Protein chains: 2
Amino acid sequence: MYTIKEVASKMNISEHTLRFWAKSGFFPFIKRDSNNTRKFSENDLGWVKIVKCLRSVGTENKSIKKYIDLCIKGDSTIKERFEIIKSTKLKALQQMEELKKQLDLLEYKENYYQNLIKNNLNDNWNPINKIHESESLV
Amino acid sequence: MYTIKEVASKMNISEHTLRFWAKSGFFPFIKRDSNNTRKFSENDLGWVKIVKCLRSVGTENKSIKKYIDLCIKGDSTIKERFEIIKSTKLKALQQMEELKKQLDLLEYKENYYQNLIKNNLNDNWNPINKIHESESLV
DNA sequence: AAGTTGACTGATAGTTACTATCAAGTTGTA
DNA sequence: TACAACTTGATAGTAACTATCAGTCAACTT
């Protein structure tokens, strides 16, 4: 059993966010001790993990709640949950592609600047006009 | 020269966001026509591209503005810009790793559900307790 | 010529998902 | 007994959009 602080550091999520998620109904099974303190079980960590996963690929909280509710509803919703996971995976793959593109651009930029530095460019030009050119990336 | 609408569809960014970014000072070189309408040049598209890139890897708008201002300031800031791009690239690589992990989890989940469906599981159990178990992922 | 359509404008309000601040309660140690 | 270190919920604030609105202007239609 873990306190919210332990879960926060274990999962690299802020305590604030965990409380916010808890209040949003994302962790319906968490028990409290006699002091009303949340005690996360190993299973609860699983829930935190899937919520973190959905969140990190951009699923909005409303949809996460829906997924959680489907889970609670039981096996009759398995197919629906399967579809959600499939489309989420697709979305994540698209994000991966997008991220790769952005990484390419950053790499291009990195080389571009490195080259400027290496060749010790002197910079006596009008910033407004010239940067405009030199920064062109299209 | 492109209207904001054309840029929006070309770059897959909403007109709203483009105006918001423009107001934030991200595109300092955009010209207006006689009707006060923004006309994006090819170069301006380059700026949109780098802003989109920085934004999509989580750079906050305040920092993007700083980068833009460094660009405007000229070559004396090249080293600083180089460092920004380098650390942004690093951040993007970390995001890539994180995304891969989340994809693994989604794949696990996908298989898990597929298996349940394939084996035509009957589901006469208490949802609260049993899902709790079956969903465990840790 | 008058009217309608469509694209643009800035201003302002609303939304999402945190994120920070606060006062208050409990427990362990000096 | 005091105080430090945790927890709690409530509330306010923030970032970055996102939507709505009223208004301008040009081009086309009737």
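Model, not experiment: these values are computed from the prediction. Protein chains get the first letters and strands the later ones, always in sequence-line order, with residue 1 at the start of each.
Candidate nucleotides D:dT18, D:dA15, D:dT7 were compared by shortest atom distance to the side chain of A:Thr37, and D:dT7 ranks first. Side-chain proximity of A:Phe20 to the nucleotides D:dT11, C:dA17, D:dT7 is greatest for C:dA17. The side chain of B:Asn36 lies closest to C:dT9 when the candidates are C:dT16, D:dG9, C:dT9.
The aromatic ring centroids of A:Phe29 and A:Trp47 lie less than 6.0 Å from each other.
Between A:Lys39 atom NZ and C:dT27 atom C1' there is a gap of 11 Å when expressed in whole angstrom units. Distance NZ (A:Lys65) to P (C:dA17): 14 Å, rounded to an integer number of Å. Atom P of nucleotide D:dA16 and atom NZ of B:Lys62 are separated by 8 Å, given to the nearest angstrom. The separation between A:Lys23 atom NZ and C:dA17 atom C1' is 12 Å, rounded to whole Å. Rounded to whole angstrom, the span from the CG atom of A:Asp33 across to the P atom of D:dC6 amounts to 16 Å. With rounding to whole Å, A:Phe40 atom CZ is found 12 Å from D:dT7 atom C1'. One atom, CD of B:Glu6, and another, P of C:dC8, lie 8 Å apart when rounded to the nearest Å. Atom CG of B:Leu18 is separated from atom C1' of D:dT18 by 13 Å (rounded to the nearest Å).
Residue A:Lys79 holds its NZ atom at 14.0 Å from CD1 of A:Ile84, rounded to the nearest 0.5 Å.
Here the shortest heavy-atom pairing between B:Cys53 and A:Gln102 reads CB-OE1, 3.1 Å.
The backbone N or O of A:Phe20 lies less than 3.5 Å from a partner atom in the side chain of A:Ser24, making a donor-acceptor pair.
A:Leu54 is not connected to B:Leu103 by any chain of hydrophobic side-chain contacts under 4.5 Å among Ile, Leu, Val, Met, Phe, Trp and Tyr, and they are in different clusters. Hydrophobic clustering keeps A:Ile50 apart from A:Val57 (ILVMFWY residues linked when any side-chain heavy atoms are closer than 4.5 Å, directly or through intermediates). Side-chain heavy atoms closer than 4.5 Å link hydrophobic residues (I, L, V, M, F, W, Y) into clusters, and following such links, possibly through other members, connects A:Trp21 to A:Ile72.
Side chains of A:Glu42 and A:Tyr2: a donor on one and an acceptor on the other come within 3.5 Å. Using a 3.5 Å distance cut-off with no hydrogens or angles, the side chains of A:Gln94 and A:Glu98 do not pair a donor with an acceptor.
Within the structure, every side-chain polar atom (N or O) of A:Trp21 is placed at least 4.0 Å from both OP1 and OP2 of C:dA17. When the side-chain nitrogen and oxygen atoms of B:Arg32 are compared with OP1 and OP2 of C:dG10, one or more of them lie within a distance under 4.0 Å. In this model, the phosphate group of C:dA20 is not approached by any side-chain N or O of A:Arg19 to a distance below 4.0 Å at OP1 or OP2. Taking only side-chain nitrogens and oxygens, B:Asn61 comes nearer than 4.0 Å to OP1 or OP2 of D:dC17. Contact annotation: A:Arg55 side-chain N/O to C:dC18 OP1/OP2 distance is under 4.0 Å. OP1 and OP2 of C:dC8 both lie 4.0 Å or more from every side-chain N or O belonging to B:Arg38.
In the helix from C:dA1-D:dT30 to C:dA30-D:dT1, the end axes, each obtained as the rotation axis mapping the C1' atoms of four pairs onto the next four within a five-pair block, lie 10° apart to the nearest 10 degrees.
Comparing A:Asn35 and B:Thr3 by the nucleotide of DNA chain C whose heavy atom lies nearest to each, the residue mapping closer to the 5' end is B:Thr3.
Listed by residue number, A:His16, A:Thr17 are the residues of residues 10-17 of chain A with a heavy-atom contact under 4.0 Å to DNA chain C.
Within a 6.0 Å sphere centred on CG of B:Asn12, other residues, nucleotides and ligands contribute 12 heavy atoms or fewer.
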